[in-house]
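Worksheet: the structure to be examined is printed underneath.
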Amino acid sequence: MRLSRYFLPVQKETPAEAEIVSHRLMLRGGMIRQASAGIYSWLPLGYKVLRKIENIVHEEQQRAGAIPVLMPTIQSADLWRESGRYDDYGAEMLRIEDRQGREMLYGPTNEEQITEIAGAGIRSYRDLPRILYHIQWKFRDEVRPRFGVMRGREFLMKDAYSFDLDKEGARHSYNRMFVSYLRTFERMGLKAVPMRADSGPIGGDMTHEFLILAETGESGVFLDRDLAELSLGEGAIDWEDAPALQAIVDRWTASYARTDETHEEAVFEAEIPENRRLTARGIEVGHIFYFGSKYSKPLNATVMGPGGEAVPFESGSYGIGVSRLAGAIIEASHDDKGIIWPEAVAPFEVAVINLRQGDEAADAACESLYATLTARGLDVLYDDRDERAGAKFATIDLIGIPWKLVVGPRGLKEGVVELVSRRTGETQNLAPDDAINRLADIYGRAS
RNA sequence: CGGAGCGUGGCGCAGCCUGGUAGCGCACCUGUUUUGGGUACAGGGGGUCGCAGGUUCGAAUCCUGCCGCUCCGACCA
């Protein structure tokens with residue numbers, strides 16, 4: 001993409017309403033524009049990031065065995081009456097009426113809907129287990145939306161729902177999602193720690209929140225420092241192997257990790273030696289829980305069990321805040337110049353900066369790099385604006401492109417361009433071809 | 001929902017108290033200049049001052065009502 005033809009309304013000055021860094025940077029970087037309280041348009045740059053995050057979630061969900069569907073944003077009130085939640089949900093649910101006066105609602109979540117779908121489509125225990133998920137816009141009429149996309153009223157969420165015959169099966173499904181979440185967040189360059197959540201009326205140990213550590217997080221977190229160092233790595237996972245999955249879950253839940261909601265200082269101090277006690281802030285980006293037959297019973301969603309009896313599903317639901325992640329990643333990865341995108345979610349993989357637009361040699365070299373990098377499958381932003389070098393650097397650093405390829409007459413005389421890392425600032429002087437190969441290597445593109 | 005505050009060009013703000021031709025910086029357009037980390041100068045375009053009503057010869061400014069938005073607290077992916 002040539003920046004001179006892109007839609008990137010960056011701003012020098014910080015909009016007055018933005019209080020936290022991700023919100024400021026998303027506004028300044030031209031990623032989003034507020035439409036009304038807690039509701040945002042995603043401009044091209046923000047939309048690219050959102051799609052990248054979404055794709056990683058899709059890939060990892062399906063890898064773990066979940067099946068994508070897409071349910072509507074607008075739901076009928078009837079289903080919610082059956083589950084009893086139409087009245088329980090309160091003012092957070094946006095209720096609307098169609099022209100016939102039928103009561104509808106903009107879905108804040110989809111347990112009822114998916115349970116109805118599963119109930120109609122799954123008849124026999126032989127069809128179990130199943131995990132269905134979708135990534136869809138939700139609306140919750142928050143009392144107080146804030147922090148940009150971190151707590152919007154309209155937000156993009158991945159929600160998965162598992163269907164099993166019994167609790168043992170449900171645990172396997174739960175563990176699939178648990179491990180899938182570890183992979184998902186790790187791929188995005190995030191350090192996400194599963195923490196025991198408040199299990200509410202259901203009880204039991206099968207509910208966890210996944211929080212990424214960031215200074216501006218909304219929740220206080222208390223954990224064993226060692227947990228924050230765990231890494232799943234790239235190794236293959238056998239998703240059908242229940243004991244193996246359980247072993248991974250056990251590793252991540254072996255030690256103390258809780259938010260301020262469930263924190264017990266005495267237990268923390270008893271279990272964790274002082275030098276390993278980590279007190280920090282965290283942002284919740286995922287939440288998984290097992291809820292048994294909470295919805296299948298009232299909605300009468302059953303399968304025929306092996307004994308010929310109708311059995312309500314054993315279910316769980318598993319959420320990831322997809323749009324929130326865009327903000328959360330920025331909270332976890334920025335500096336005073338702007339965003340620092342992890343490579344996996346960067347809106348562009350490399351920026352070519354022409355230091356002297358209009359200089360014959362520089363223009364030719366940039367055009368050539370742009371064409372070759374693109375042909376090699378890299379997503380390139382070529383800053384071909386008629387701006388001074390400083391302005392280009394400021395823009396590209398603000399929007400957080402992980403790698404800059406800096407091209408100017410001086411370097412070209414020596415036969416080199418500069419490859420600069422956004423994260424470390426480290427600069428390498430390389431021949432253009434070497435720089436291309438290096439970038440292809442970084443992003444795993446075949447040569 | 002309780003508390004506080006703000007709505008003046010795309011963004012950041014002044015003007016309001018004490019009514020009298022709507023202003024500054026950034027951004028944008030034109031020209032010159034400059035060219036390796038947000039050049040400099042000159043010229044220029046753009047605003048029914050959130051909406052409605054009222055007071056007044058005259059309202060961004062005073063009064064009333066409404067709407068929108070933000071921040072702090074209790075709840076949430």
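No hydrogens, no waters, no symmetry mates; every other heavy atom, side chains included, goes into these values. Keep in mind that what you see is a predicted model, and the values were worked out from it rather than measured. Naming: A, B, ... by sequence-line order, numbering from 1 per chain.
Separating the CG atom of A/Leu355 from the P atom of B/U39 is a distance of 13 Å, rounded to the nearest angstrom. Rounded to an integer number of Å, the gap from A/Phe155 CZ to B/C75 C1' is 13 Å. Atom CG of A/Leu412 and atom C1' of B/U35 are 15 Å apart (whole Å). When the C1' atom of B/C11 is taken as reference, atom CG of A/Leu398 falls 14 Å away, rounded to whole Å. If you measure from atom CE of A/Met93 to atom P of B/C75, you get 20 Å, rounded to the nearest angstrom. Between the CZ atom of A/Phe147 and the C1' atom of B/A77 there is a distance of 15 Å, given to the nearest Å. Remark: C1' of B/C26 and CD of A/Glu13 are 5 Å apart, rounded to the nearest angstrom. Taking atom CD on A/Glu142 and atom P on B/C69, their separation rounds to 15 Å, with Å as the unit.
RNA chain B lies under 4.0 Å from no heavy atom of any residue of residues 54-71 of chain A.
Between A/Lys12 and B/A27 there is a side-chain polar atom (N or O) within less than 4.0 angstrom of OP1 or OP2. Side-chain nitrogen and oxygen atoms of A/Arg388 include none within less than 4.0 Å of the OP1 or OP2 phosphate oxygen of B/U35.
In this structure, A/Phe313 has its ring center no closer than 6.0 Å to that of A/Tyr295. Taking the six-membered ring for Trp, A/Tyr174 and A/Tyr290 have ring centres at least 6.0 Å apart. Aromatic ring centres of A/Tyr181 and A/His287 lie farther apart than the 6.0 Å criterion allows.
Across B/C17 and B/C6, the matching P atoms stand 15 Å from one another, rounded to whole Å. Taking atom C1' on both B/C49 and B/U8, the two are 4 Å apart, rounded to the nearest angstrom. For the C1' atoms, the distance linking B/A40 with B/U33 amounts to 7 Å, nearest Å. For the C1' atoms, the distance from B/G20 to B/U56 is 12 Å, rounded to whole Å. B/U30 sits 46 Å from B/U18 when the P atoms are compared, rounded to a whole Å. Annotation: B/U34 and B/U39 have their P atoms spaced 15 Å apart (nearest Å). Remark: the separation of the P atoms in B/C57 and B/C69 is 38 Å, to the nearest Å. B/C28 and B/G5 are spaced 32 Å apart, taking the C1' atom of each and rounding to whole Å.
Across all strands shown, B/C26 forms a Watson-Crick or G-U wobble pair with B/G10, both key distances being under 3.5 Å. Of all nucleotides present, none satisfies the Watson-Crick or G-U wobble test against B/C16 with each distance under 3.5 Å. Across every strand in view, B/G2 sits in a pair with B/C72 that passes the Watson-Crick or G-U test at under 3.5 angstrom. Pair check for B/G53 finds B/C63; Watson-Crick or G-U wobble, both atom distances under 3.5 Å.
Between A/Val49 and A/Trp42, the closest side-chain pair of non-hydrogen atoms is not below 4.5 Å.
Figure legend: cation-pi geometry between A/Lys404 and A/Phe393 absent, as NZ or CZ is not positioned both under 6.0 Å from the six-membered ring centre and within 45° of its axis. For the pair A/Arg81 and A/Tyr86, the cation-pi test (distance below 6.0 Å, angle within 45°) is passed.
Closest contact between the side chain of A/Arg146 and the listed nucleotides B/A74, B/G37, B/A27 involves B/A74. With B/C76, B/C72, B/G36 as the candidates, the nucleotide lying closest to the side chain of A/Ala389 is B/G36. For A/Ser36, taking side-chain heavy atoms from C-beta onward, the closest of the listed nucleotides B/C69, B/U35, B/A77 is B/C69. Of the candidate nucleotides B/G37, B/C76, B/C1, B/C1 has the atom lying nearest to any side-chain atom of A/Arg144. Closest contact between the side chain of A/Lys404 and the listed nucleotides B/G38, B/G37, B/C11 involves B/G37.
In this structure, A/Tyr382 and A/Tyr370 have tilted ring planes: the angle between them lies in the 30° to 60° band.
Within 6.0 Å of CZ in A/Arg196 there are 12 or fewer heavy atoms belonging to other residues, nucleotides or ligands. Atom OH of A/Tyr89 has more than 12 neighbouring heavy atoms from other residues, nucleotides or ligands inside a 6.0 Å radius. Atom CD of A/Glu265 has more than 12 heavy atoms from other residues, nucleotides or ligands within 6.0 Å.
Using a 4.0 Å heavy-atom criterion, one finds that A/Asp397 contacts the bases of the nucleic acid, with or without backbone contacts as well. Counting any heavy atom pair closer than 4.0 Å across all strands shown, A/Gln34 reaches sugar-phosphate atoms only and no base atom. Nucleic acid contact class of A/Gly358 (heavy atoms, under 4.0 Å, all strands): none. Contacts of A/Gly319 with the nucleic acid, taken as non-hydrogen atoms under 4.0 Å apart, are absent. Within the 4.0 angstrom heavy-atom criterion, no nucleotide atom of any strand lies near A/Gly425. In this structure, A/Ala37 reaches the sugar-phosphate backbone alone: every heavy-atom distance under 4.0 Å involves primed, P, OP1 or OP2 atoms, never a base. Among the atoms of the strands shown, none is found under 4.0 Å from any heavy atom of A/Pro9. Nucleic acid contact for A/Val285: sugar-phosphate only, since backbone atoms but no base atoms lie under 4.0 Å from a heavy atom of the residue. Contacts of A/Thr109 with the nucleic acid, taken as non-hydrogen atoms under 4.0 Å apart, are absent.
Residues A/Arg183 and A/Glu186 are not paired through a salt bridge, judged by the lack of any N-O separation under 4.0 Å between the basic side chain and the carboxylate. The pair A/Lys52-A/Glu343 does not count as a salt bridge, with every side-chain nitrogen at least 4.0 angstrom from each carboxylate oxygen. Between A/Asp335 and A/Arg422 a salt bridge is recorded (basic side-chain N to carboxylate O distance below 4.0 Å).
Each of A/Pro145 and A/Pro15 was matched to the nucleotide of RNA chain B holding its nearest heavy atom; the match closer to the 5' end belongs to A/Pro15. The 5' end of RNA chain B is approached more closely, in terms of each residue's nearest nucleotide, by A/Thr14 than by the other of A/Thr14 and A/Arg410.
Below the 3.5 angstrom threshold, one finds no donor paired with an acceptor across the side chain of A/Arg140 and the base of B/C76.
A stacking contact between A/Phe393 and B/G38 is absent: the pair does not combine a ring-centre distance of less than 5.5 Å to the base's six-membered ring with planes differing by less than 30°.
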> For every nucleotide of nucleotides 40-45 of chain B, 5' to 3': is a protein heavy atom under 4.0 Å from its base (B), only from its sugar-phosphate (S), or from neither (-)?
Replying inline: ------
